[in-house]
There are 2 protein chains.
Amino acid sequence: MATPDRPGFALPLLMLAGFRTLIDDLHAELARQGHPDLRPVHGFVLQAVGMAGTTASELGQRLGVSKQAAGKTVDRLVALGYLDRADDPADARRKLVRLTDRGLDGLRRSAVVFDQLRDRWAATLGADRVAAIEDDLRTVAQPNFFRLDVPGWFGT
Amino acid sequence: MATPDRPGFALPLLMLAGFRTLIDDLHAELARQGHPDLRPVHGFVLQAVGMAGTTASELGQRLGVSKQAAGKTVDRLVALGYLDRADDPADARRKLVRLTDRGLDGLRRSAVVFDQLRDRWAATLGADRVAAIEDDLRTVAQPNFFRLDVPGWFGT
DNA sequence: ACTATCTCGTCAACCACGTTGACTATCTTA
DNA sequence: TAAGATAGTCAACGTGGTTGACGAGATAGT
């Protein structure tokens, strides 16, 4: 890393580098485990869909993008076999977006790999330092997107 | 934040949230200071160009993208008045990409704002915690992109 | 019950940012 | 000098985002 004389520049650069390291490692491992076409954005979408399923509009709200953008991303993930659409019997306008078995598999494997990556960081830095980073970021970071009030994503 | 039972998921989500918080705050402030058309990617490009200027190919290497992608980004920043192109008298193939006065102004203001944002985090978390986050990320994050071996970006 | 309004999904046009492949012009080296 | 490497650009394309418009269906008010 270059160390500019302005210290503040290091913070966003390192945050980005840390995030990209995790994501790149995740997708390298997912590709090895049979999910080579899963792209960085897709993981967040699969999480946002959740076990209960959702609609394109609500998905857009959860991800902080327009409903049209969410719809197009759902199209791609449907084509890849990770999501499917079903009519809502209670409301003919809505189309329920749900995880397929493949989508669920990708999500579960992501969770496992993220755990392993966190363990790797903990082995280098110490578990307390990793937890401290998480606590600190929880304090200062504003999650104005990916707000998921869906409990038990990976539950039983 | 939702807290999934898999703890590893919190780490990338929080890293992303932290990064986006910094970037969103930066651009809100830059827009206030006369740079409303500066987008998140542009800051990194301006840094990678540096005071000495560079070429599209080298810029692509620094940013970890193809020379064509770098060239197109330079096109946009030229159109916005942040960069210009000049012929290299020593090599007729090369076109030197340089910061304009406006580009330099945007870069300097970014540095100032990032310093202020870092101070804000330090006021909340404590300066030692912020420094610890930076140290830890320097240890585990692999900066396979934005490698800038250019000293003195914002020098004298 | 009917009308006005809101919401959901979709289509179209567009922009930003990335890719690969091909090509010309130019420098470098064997 | 011929062969090869490099710089920039063009074209075609993929992905992820935007806004605006629109029809179909649900809902609230009189």
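So that the names make sense, note that chain A is the first sequence line, chain B the second, and so on, each numbered from 1.
With hydrogens and angles ignored, no donor-acceptor pair under 3.5 angstrom links the side chain of Q68(A) to the base of dG16(D).
Side-chain polar atoms of D37(A) and H42(A) form no donor-acceptor pair below 3.5 angstrom.
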After noting the C-alpha distance and the side-chain angles of D25(B) and R120(B), does the key distance pass the salt bridge (charged side-chain N to carboxylate O under 4.0 Å, His left out) rule? CA-CA 11 Å; D25(B) 288 353; R120(B) 194 193 298 171; 3.5 Å; yes
Could you please spell out the steps behind the ring-ring contact (aromatic ring centres under 6.0 Å, His included) verdict for F114(B) and F9(A)? CA-CA 6 Å; F114(B) 272 141; F9(A) 252 103; 5.1 Å; yes
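Proximity of K95(B) to the phosphate of dT9(D): a side-chain N or O atom is located under 4.0 Å from OP1 or OP2. Listed pair H42(B) / dC17(C) meets the phosphate criterion, a side-chain N or O lying under 4.0 Å from OP1 or OP2. Taking 4.0 angstrom as the limit, S66(A) places none of its side-chain polar atoms (N or O) nearer than this to OP1 or OP2 of dT19(D). Between R76(A) and the phosphate of dG16(D), there is a side-chain N or O to OP1/OP2 separation shorter than 4.0 Å. The side chain of T55(B) contributes no N or O atom lying less than 4.0 Å from OP1 or OP2 of dA7(D). Using a 4.0 Å cut-off, no side-chain N or O of R39(B) falls inside it from OP1 or OP2 of dG17(D). Proximity of S57(B) to the phosphate of dG8(D): a side-chain N or O atom is located under 4.0 Å from OP1 or OP2.
Using a 4.0 Å heavy-atom cutoff across all strands shown, A69(B) reaches at least one base atom of the nucleic acid.
For the pair R94(A) CZ and dA26(D) P, the computed distance is 11 Å after rounding to whole Å. Distance CG (D37(A)) to C1' (dG14(D)): 14 Å, rounded to an integer number of Å. Atom CG in D87(B) sits roughly 15 Å away from atom P in dA7(D) (whole-Å rounding). Whole-Å rounding puts the K67(A) NZ to dG17(D) P distance at 16 Å. Rounded to a whole Å, the CG atom of L63(A) is 8 Å from the P atom of dG17(D). Summarising the geometry, the separation between NZ on K72(B) and C1' on dA16(C) is reported as 9 Å, rounded to the nearest angstrom. Rounded to an integer number of Å, the gap from L59(A) CG to dG9(C) P is 10 Å.
The pair E134(B)-R118(B) meets the salt-bridge criterion, since a charged nitrogen lies less than 4.0 angstrom from a carboxylate oxygen.
Under the Watson-Crick or G-U wobble criterion, with both distances below 3.5 Å, dG17(D) is paired with dC14(C).
For R93(A) and D91(B), each mapped to the nucleotide of DNA chain D holding its nearest heavy atom, the one lying further toward the 5' end belongs to D91(B).
A heavy-atom distance below 4.5 Å is not found between the side chains of Y82(B) and R76(B).
Across dC8(C), dT9(D), dG17(D), the shortest atom-to-atom separation from the side chain of V41(A) is found for dG17(D).
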